[in-house]
Amino acid sequence: MKAFTALAATELRLLFRDPASLFFMMAFPLMLLVLKRGDSGAVPGYVAMVVAIGGMGALPGIVASYRERKVLKRLAVTPISPVLLLGAQLVAQVAAGLAGSVLLVVAAIALFGAKAPGNVLLLAVAFLLCSVMVCSLGFVIAAVVRNTRGASLIGMLVMFPMIFLAGAAVPRTALPESLRRIGDFLPLTQGVEALGDAWSGTAAAFPLLILTGIIVAATAVAAALFRWE
Amino acid sequence: MDAIEVTDLRKTYGDTHAVDGVTFTVRTGETFGIVGHNGAGKTTTVECLIGLKRPDAGTVRVLGEDPARRRRALAQRIGAQLQESSLPERIKVAEALRMFATFYREAADWRQVMERWSLRPLARKAFGDLSGGQKQRLMLALALVGDPEVVVLDELTTGLDPIARRETWRLVDDLKAVGTTVVLVSHYFDETEALCDRVAVFARGRVVAMGTPDDIIARTGTASLEEAYFALEGADR
């Protein structure tokens, strides 16, 4: 436990030391909020965007680089399992996503007078599931794509269309019908739904169940395909 | 007592006999060299010692235990510096040492390790900003932060400039002085000759000579371990 805490704290510090992560998870969503003149309806989507940027935009490259640069191998000759480093990366991504999201929500309420979330507990559950879900997809990418550059690139290529088509960066109502259809099949759409429902206080179990299912399936796939070297 | 016993170790990748019947023992407290060209089976042997690879045949005992079955338990007592392994680019020197110390039940005081290996002035430097020699010094310190009984060093000085190499040699001498058992894997003959009490000369997955560097040199009637190696390698072909 001591080792895991140390790993997770270090991973979080490393994320905050990365200017790109810092910008895209903290500053960029705030900029969008200002451009939207504080429209609170956009906030749940932006929260989903923040975690997707971390879990799919950043995580695959980080994990692939740990493998390529033999960081995982180095850990394999210590008494701890290298799996702990992957767990620590997950915790760090969730924590960084939480920091970015809290910043965003507080800014929306304090600066733009947005209504506070309807169901905070449910919002927390939706956040956790959405955040872990995008990370599990990130681990699948890191498992399938061997090298660092490839994993980063594929992560970006999956993440960018998804944040637009899932209604995270722009509302799905603004999309043409055909593109909206695609969104129906994207995992992140369920995250946006779950966060939106919790924010407005209309609890719906369905998106949460789907998110849980995706986490289980993606983790199984990543665990089956992951190469340590 | 012997710290390491390897008997008739074999490991095959496809058609290649990477390690083809290797036997040697390392005595407690000695510095033992595994020397030979790239592809001689050195790294595979070492990976079997630290439990990263499972032998196809033969037995390996480190501190009386089988590394393939008891990797985690042995990892508490073995320190390893692996070929080309590294750390996250942005991790700082002190941070890495402090973090690695949490992995061990009975770790050394990481601040003392940092002091002893002259890493204190680099404490707040990121791994990615270190020079090759500084990185190697940190990886060596990390191998020692668990206060190990056996230390395995694979290609310790590859890629270092001559000054950094000599500096690293001095550090290995320090280790010998405190009685740590050291396995030093190298393709530098001068390094092995200078640092090791005994040496196993590897060629094509086999041990072609073993003994003190002076013995091997005398037996082959050559002037250096490197010349001895070529004499042995030629005779073995």
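A, B, ... follow the sequence lines: proteins, then strands. Residue 1 opens every chain. Just so it is clear, the values below take in all heavy atoms, side chains as well, and ignore hydrogens, waters and symmetry mates.
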(message) Rounded at 0.5 Å granularity, tell me how far NE2 in B/H187 sits from CD1 in B/I34.
(response) 14.5 Å
(message) Can you tell me which of B/I50, B/I91, B/L74 forms the most heavy-atom pairs within a distance under 4.5 Å of chain A?
(response) B/I91
(request) May I ask you to say whether B/D20 pairs ionically with B/R204, meaning some side-chain N is under 4.0 Å from a carboxylate O? (result) no
(request) Specify which of A/R74, A/E11, A/R13, A/K2 makes the most heavy-atom pairs with chain B at under 4.5 Å. (result) A/R74
(request) Considering only heavy atoms and a distance below 4.5 Å, find which of B/L142, B/I78, B/L87 pairs most often with chain A. (result) B/L87
(request) Find out whether A/P117 and A/I109 are in side-chain contact, i.e. whether some heavy atom of one side chain is under 4.5 Å from a heavy atom of the other. (result) yes
(request) Counting only heavy atoms closer than 4.5 Å, note whether A/T78 contacts chain B via side chain, backbone, both or neither. (result) both
(request) With a 4.5 Å cut-off on heavy-atom pairs, point out which of B/G51, B/P88, B/A143 contacts chain A the most. (result) B/P88
(request) Can you tell which part of B/R72 gets under 4.5 Å to a heavy atom of chain A, answering side chain, backbone, both or neither? (result) both
(request) Would you tell me whether B/Q83 and B/T43 have side-chain atoms, one donor and one acceptor, within less than 3.5 Å of each other? (result) yes
(request) Heavy atoms only: give me the nearest A/Q93-A/C135 pair and the separation to one decimal. (result) CB-SG, 3.7 Å
(message) Any carboxylate oxygen within less than 4.0 angstrom of a Lys/Arg side-chain nitrogen, looking at B/E89 and A/R69?
(response) yes
(message) I'd like to verify something: which residue of A/I62, A/T10, A/T5 has the highest number of heavy-atom pairs under 4.5 Å with chain B?
(response) A/T10
(request) Can you tell which part of A/S81 gets under 4.5 Å to a heavy atom of chain B, answering side chain, backbone, both or neither? (result) both
(request) Go through the atoms of B/R77 and report whether side chain, backbone, both or neither lie under 4.5 Å from a heavy atom of chain A. (result) neither
(request) Could you check whether the rings of B/F32 and B/F24 sit parallel, tilted or perpendicular, using 30° and 60° as the cut-offs? (result) parallel
(request) Measure distances from B/Q76 to the heavy atoms of chain A and classify the residue's part below 4.5 Å as side chain, backbone, both or neither. (result) both
